Structures are given as C-alpha cells and as structure tokens.
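Some notes on the structure that comes next.
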Amino acid sequence: MSSPASTVILGTGAYAPARVLTNAELALTIETSDEWIRTRSGIRERHIAAPGETTSDMAVHAARLAIADAKLQLADIDLLIVATITPDLPMPATACIVQHKLGLATSTACFDLNAACSGFIYALDTASAMIGSGRYRHALVIGAEKLSSIVDWKDRTTCVLFGDGAGAVVVGGSAQPNIGLLGTKLGAYGDCVDLLCIPGGGSNAPATAASLAGGDHFLKMKGKEVFKYAVRGMEEAARDILEQHAIPAHQIALVIPHQANLRIIEAIAQYLELPLERFFVNLDRYGNTSAASIPIALDEARRSGRIKSGDLTLLVAFGAGLTYGSALLRW
Ligand code: ACO
C-alpha cells in the first residue's frame, strides 16, 4: 500500500447510556445543590451506565454508528484504538474485547491508549500516523468511559463532575492533500501526576483490604490546581497548533474543547478572542466523560450541521497526567 496524501475522518458515532442522573437527584444523596454544580461547572445532568453495562459495550454502540456513517464494512477496519481510563479489565486491553464484540477480523491490530481526557486526541494522532505510513487502511478510534465506576459517590468534590459514554470515528487515507487532520500538538506536565489520579490498585500500590477500605481505588482530584493547569495547557495547545500552521484563531469555524467545565471553556474563548458561540458545548447534558467527551461532541456537531465542507475545526483537551493536546482538522 502506498502512503496517502492526507488522513481524514470518514465517519463518526456516539452513544450514551439511557439513565440520566440530574443534579437535583445527586442533591438527594450528597450535600450539594443544582445551583452549586451549574454555576461552578455548567453541568446539569450526566448519563450513567446500567449495572453490567461496560466500557466495551458503550464503545461497540458508538463504533457501529461510526462505521455505518463512513459507509464501510467491518472487514474494512484493520486498526482499533480505544482511548480510556476505565478499561473493562486492568488487562487485557478493552480494544481486544471490542474487536470480538464487534466482530472485527482477528487481523485487526488492537490496543488501548491512556491519556485520560486528552486520550481521544492522542489516539487520533496515533491512528493518523499509522494510516499515513501506508501500512493500515482504516482505523477505528474510540473514546469510551465508565467513569461512574471509579468516582467516589460520597465525594461531592468529584462525583458531580463526571459521566459515562462513548464516541468513535473512522480514520482513512485520502489522495487529496491539505485536508483532514492537518496537525496535532501533544504534551504532558508529568510532574503533576498527584493532582489527578487513582492512587491505589496499580503496581505501585496493589489493592489490599486497607486500601479498599480507604477508597484508594477511587479518582482523586485537586480541582483548583487542575483548573489552573487545564486553562494553561489548553491555551498553549491551541496557540501552538495555530502558530505552527499560521492560522489566525478567527479562521476556526468551530472549536470542540474537552467538556470538563464551562468556566475553563470560557477562559479559552477569551484567550483566543473568539465568541463562545464558536465553541461546541454539550457538557450540560453529559458532564465530563474524559476520553469520550470530544468524540461525542464531534459527532453531535457533525450531525447537527455545525461542521461544513472546507471548515477548519480545532480540538483541544486536557486531562490526568497531566496531559494536553490539540488537533487541527479541515473538512
Ligand atoms: N457541592 C457543594 N459544595 C461543594 C461541592 C459540591 N459538589 N464540591 C465542593 N464544594 C465546596 C468546597 O468544599 C468548598 O467549600 P469551602 O470553601 O467551605 O472549603 C467550596 O465548595 C468551593 O470549592 P472549590 O474547590 O474552591 O470550587 P471551585 O470553584 O474551584 O470549583 C471544580 C471546583 C468545579 C472542581 C473546579 O475546580 C474544576 O472544574 N476543576 C477542574 C476539573 C477538571 O477540569 N478536570 C480535568 C480533567 S478530569 C480527567 O482527566 C479525568
């Protein structure tokens, strides 16, 4: 196979579990209020997976829609990347489980990628490079999370922020230059691991009865500090990619930011001197779905006609690691 001139998104799909958990319902179990959650984060409700519904189940739903949208068959997919911090199992990769559930060929290369909320942009870049090498034809890139399984439902500082869901895209090659994924900027503040992590259960601190009793297997976040890095990381990632491609911010038709907090998105809008209407926002209905947040938003943006042929779209994300990433796309 020869290398394509560009790598393009051929189809998108998204899935959210049926169960919707509102702020008002949360206020019945923890000391919080709809008003606090809305004014601090912009979130009104989030979707929560059914008992027994797994990250791979949600990934499969989104993937089927993306493959259909791309007008491809299962046999056309030869690479599968699942970006997630909530794999079905610590090992093996959720991508292998998704491959089997979807019915993809066993010759499909499968792996997971952990870059938290930046995971989809990292996975998109990886898939694009592998397709660009000419050695793979069509990649399925999925961001899928069951964050309800790792949040401490007694910790009001974190549990109100997260939700479950999955988004997927199909990436392929194009003979047309200067279209599709024009470039990415990835990075991480690796000295800030402690600001957002799950301290227990890994090889550093294998689970014990005491660690389980202490809740070490739950997500812990120093929200205020993370907020500052989120704004800095997303601003830098957005600025760097625009400078690299000599594109002034006003030429971006739509920014699809990671959906963590409306105040973070407002800060990025101010920094880029773009009106908030130029940003796609759906966090009010989903909360923060980590690696699933951008592909769900991208799918909604496409299907609601917010993205037109020729448009420039900027994806920008930030998450545990602390990772950050941006991607520039021309449709
Ligand atoms: N309901 C009511 N009160 C609350 C709640 C709640 N759910 N949570 C916290 N509070 C209280 C706090 O205890 C505190 O009270 P105190 O002043 O008496 O101590 C007060 O509200 C203010 O809390 P802050 O933490 O200062 O609130 P802040 O305005 O910073 O907002 C938030 C908190 C929403 C978490 C914000 O810091 C944030 O969005 N941080 C970034 C999160 C993020 O983007 N994460 C990124 C990626 S996640 C990933 O990768 C998996």
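Keep in mind that this is a model prediction, so the values were computed, not measured.
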Under the salt bridge (charged side-chain N to carboxylate O under 4.0 Å, His left out) rule, collect the residues that match up with [X], sequence neighbours excluded.
X	answer
E300	R285
K185	D240
D125	none

- [ ] Give me the ring orientation class for F318 and Y189: parallel if the planes are under 30° apart, tilted from 30 to 60°, perpendicular past 60°.
- [x]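 Answer is tilted, since the angle falls between 30° and 60°.
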[X] side-chain N/O to [Y] backbone N/O, donor-acceptor pair under 3.5 Å:
X	Y	answer
S326	A237	yes
Q259	S293	no
T84	A144	yes
S118	T323	yes
K71	A68	no
D284	G42	no
S128	T7	no
D69	A66	no
N114	I85	no
E236	G233	no

- [ ] Check the hydrophobic clustering (I, L, V, M, F, W, Y; side-chain heavy atoms under 4.5 Å; chains of links allowed) and say if L124 and W331 are grouped together.
- [x]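 L124 clusters together with W331.
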Polar side chain donor-acceptor pair, [X] to [Y], under 3.5 angstrom:
X	Y	result
K146	T86	no
T157	D155	yes
E145	S290	yes
T32	R156	no

[X]: side chain to side chain contact (heavy atoms under 4.5 Å, CB included) partners, not counting sequence neighbours:
X	answer
V151	W153, C159, F162
A105	S107, T108
A123	I81, A83, L113, V141
H245	L182, I241, I247, L328

TODO: Applying side-chain hydrogen bond (donor to acceptor under 3.5 Å, both in side chains), name anything that partners S6, two or more places apart in sequence or on another chain.
DONE: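 S6 satisfies side-chain hydrogen bond (donor to acceptor under 3.5 Å, both in side chains) with no other residue.
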Open item on the list: R135: which residues meet the side-chain hydrogen bond (donor to acceptor under 3.5 Å, both in side chains) condition with it, sequence neighbours left out?
Closed with: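 Applying side-chain hydrogen bond (donor to acceptor under 3.5 Å, both in side chains) to R135 gives none.
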Taking the side chain as C-beta and beyond, is there a heavy-atom pair between [X] and [Y] under 4.5 Å?
X	Y	result
H100	V98	no
L10	H138	yes
P295	F120	yes
T313	I307	yes
I9	L329	yes
M221	L219	yes
I264	M234	yes
I198	F218	no

Task: Residues E53, R19: salt bridge by 4.0 Å N-O rule - done: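 Between R19 and E53 there is no salt bridge, as every charged N stays at least 4.0 Å from the carboxylate O atoms.
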- [ ] Report the C-alpha separation of N288 and H258 in whole Å, then their side-chain angles, then the decisive distance to 0.1 Å, and conclude whether the side chain to side chain contact (heavy atoms under 4.5 Å, CB included) test is met.
- [x] CA-CA 8 Å; N288 180 348; H258 170 48; 3.0 Å; yes
Looking only at heavy atoms, which two atoms of [X] and [Y] are closest? And how far apart?
X	Y	answer
G319	C117	CA-CB, 3.7 Å
T94	S56	CG2-CB, 3.8 Å
A291	G119	CB-CA, 4.5 Å
I37	I43	CG2-O, 3.6 Å
L79	A127	CD2-CA, 4.2 Å
A95	V82	CA-CG2, 3.6 Å

Open item on the list: Using side chain to side chain contact (heavy atoms under 4.5 Å, CB included), reason through M58 and T54 one step at a time and then give a plain yes or no.
Closed with: CA-CA 7 Å; M58 294 187 278; T54 61; over 6 Å; no
For residues 163-175, please give each side-chain donor-acceptor pair under 3.5 Å, one per line with the distance, not counting sequence neighbours.
unit_1: D164; atom_1: OD1; unit_2: L147; atom_2: N; d: 2.8
unit_1: D164; atom_1: OD1; unit_2: S148; atom_2: N; d: 2.9
unit_1: D164; atom_1: OD1; unit_2: S148; atom_2: OG; d: 3.4
unit_1: D164; atom_1: OD2; unit_2: A49; atom_2: N; d: 2.7
unit_1: D164; atom_1: OD2; unit_2: S148; atom_2: OG; d: 2.6
unit_1: S174; atom_1: OG; unit_2: Q176; atom_2: N; d: 3.0

From [atom1] ([X]) to [atom2] ([Y]), nearest 0.5 Å:
X	Y	atom1	atom2	result
K101	H61	NZ	NE2	9.0 Å
L140	D78	CG	CG	11.0 Å
L312	L242	CG	CG	9.0 Å
L254	F280	CG	CZ	7.5 Å

- [ ] Scan residues 39-51 for pairs that pass side-chain hydrogen bond (donor to acceptor under 3.5 Å, both in side chains), counting only residues two or more places apart or in two chains.
- [x]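 Residue pairs passing side-chain hydrogen bond (donor to acceptor under 3.5 Å, both in side chains), neighbours aside: N23-R46.
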Open item on the list: Taking NZ in K154 as the centre, count heavy atoms belonging to other residues, nucleotides or ligands within less than 6.0 Å. Is the count above 12?
Closed with: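 Counting other residues, nucleotides and ligands, NZ of K154 stays at 12 neighbours or fewer.
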- [ ] Check the pair K220, T158 against side chain to side chain contact (heavy atoms under 4.5 Å, CB included), reporting the backbone distance first and the verdict last.
- [x] CA-CA 7 Å; K220 315 274 184 217; T158 53; over 6 Å; no
Donor-acceptor pairs under 3.5 Å, side chain of residues 266-278 to any protein atom, not counting sequence neighbours: which ones?
unit_1: Y271; atom_1: OH; unit_2: R239; atom_2: NH1; d: 3.4
unit_1: R278; atom_1: NH1; unit_2: H250; atom_2: O; d: 3.1
unit_1: R278; atom_1: NH1; unit_2: I252; atom_2: O; d: 2.8

- [ ] Would you please test L186 and Y324 for side chain to side chain contact (heavy atoms under 4.5 Å, CB included) and show each step?
- [x] CA-CA 6 Å; L186 307 178; Y324 60 83; over 6 Å; no
